[in-house]
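The model shown is predicted, which means the values in this text are computed figures rather than measured ones.
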Amino acid sequence: MMESQEYASESVAPADVGQWLRAHGWRRVAQLGDIAQRWQGEEAQVVVPMLESSPDFGLRWSEMLGLLSKALDTDEAGILLAISKSGSDVAEFRAAGQIDDSLPLGDAATFIDSVRRWMQASANSVLQPRSYFGHSVPDAARDHARKVRMGQTRRGSYVVPVISRLPILSPEDEDDAVLFDEVSYQPFARSAMLRLAEGLGTLRDLTHGVSAPSRSRITEAVGAGVSSELCEAVANTLETESIASLDVSFSWAERLPVAHAPRAVRLEDGAVAVIREVENFLKGEPVVGRQTVTGYVKRLDRGEDDQVGRVTLRILDNDKARNVTIELNDDDYHVAGEANTERKMVSATGVLNRTPGRALRFTEVDQFRFLDDLPLFVD
């Protein structure tokens, strides 16, 4: 049986418990620094230990789970599952074909490795949409693929649930609080899962039609998360002897509702040849997709005779506040100046350049405007 402290560090964090209790009508009535919180329900109280490095954390965590399971008339595993699901996005990969409750070992290995590669490819695309990544995989994408967890397979066909826990974010600097309060921002783990759903859906639209996709459609798909690596992983799975189709369904964390999010996509082995064609095209075409970043203007810099102005934006990147430099024409620079003076949030659409060891740069700017001009959700 997994130890309680291991549950806390790998599946549910103390902050997750507080969020879950609040969502279910409990009130926080006391707090002891960063050590513990006391929560009041209708008929019970519970102390939530917060400091995982505390010597008695495991004991207090077990006591908390015991009290909650008694108060809510369920077992401790049910409590942990409910908390985990409320703060996690889940993608279920269902393989169908010559399958009962098992797969040939080689096909299962291919399938699970492909799932890992899909998660990494979607994280890559959030950081910088590209047609082909090769060995240039950002550390953040590798870390994301390592952090997501695989649940138990389901009966009836072969299903691999992938659980992506959403962190509870907070600023390290008071000036950056506005970034974390911005309702359009999604944690990196959520953005990666959304990009996976978008990328697989776009790949299906490209490859399951009556005609082959055009070069321009394939190029445009890069911005939606389609990459050579994503295509290769999908094709590898559908080319196994026992898997004829793949259904991917998504459920989104209750704690962070999302509008118009994809729910399911189906990919079939009859499209493998076209998927391989898209894969090979993207591998040979160095396409970089465009991105939109949001943030506040931290610094302005333009000489008297300069045609362009240099602006430093403060944005959230992989859940951390970072500076990104951007050069703007005269009109956009005036927008940046007004945003700086009036403390307005702005958005920029273009190409985000990531060079290891160097500052982020934003180039080829298509749009620069106040964030109020953007819709909060795009269907």
Check whether more than 12 heavy atoms from other residues, nucleotides or ligands sit under 6.0 Å from atom CG of D56, and answer yes or no. yes

By side-chain hydrogen bond (donor to acceptor under 3.5 Å, both in side chains), Q40 pairs with (sequence neighbours left out) Q45

State whether Y158 and R94 meet the cation-pi test: NZ (Lys) or CZ (Arg) under 6.0 Å from the six-membered ring centroid, and within 45° of the perpendicular axis. no

Sequence neighbours left out, what passes side-chain hydrogen bond (donor to acceptor under 3.5 Å, both in side chains) with R130? Give chain and number order. none

Can you establish whether the number of heavy atoms outside Q307 located under 6.0 Å from its atom CD is more than 12? no

Residue R361 excluded, over 12 heavy atoms near CZ under 6.0 Å: no

Between S125 and R195, is any side-chain donor less than 3.5 angstrom from a side-chain acceptor? yes

R204 meets the salt bridge (Lys or Arg N to Asp or Glu O under 4.0 Å) criterion, sequence neighbours left out, with none

Partners meeting salt bridge (Lys or Arg N to Asp or Glu O under 4.0 Å) with R215 (sequence neighbours left out): E285

Would you tabulate the side-chain donor-acceptor contacts of residues 230-239 under 3.5 Å, counting partners in other chains and residues two or more places apart, or write 'none'?
residue, atom, partner, partner atom, Å
E232, OE1, R117, NH2, 2.8
N236, OD1, R276, NH2, 2.8
N236, ND2, E232, O, 3.4
T237, OG1, S114, OG, 3.0
T237, OG1, A233, O, 3.3
E239, OE1, R276, NH2, 2.7
E239, OE2, R276, NE, 3.2

Show me the donor-acceptor pairs, under 3.5 Å and distance only, between side chains in residues 245-252 and residues at least two apart or in other chains.
residue, atom, partner, partner atom, Å
S245, OG, R266, NH2, 3.2
D247, OD1, R266, NH1, 3.0
D247, OD2, R266, NH1, 2.6
W252, NE1, P262, O, 3.1

Taking atom NZ as the centre, does K344 end up with more than 12 heavy-atom neighbours from other residues, nucleotides or ligands that are less than 6.0 angstrom away? yes

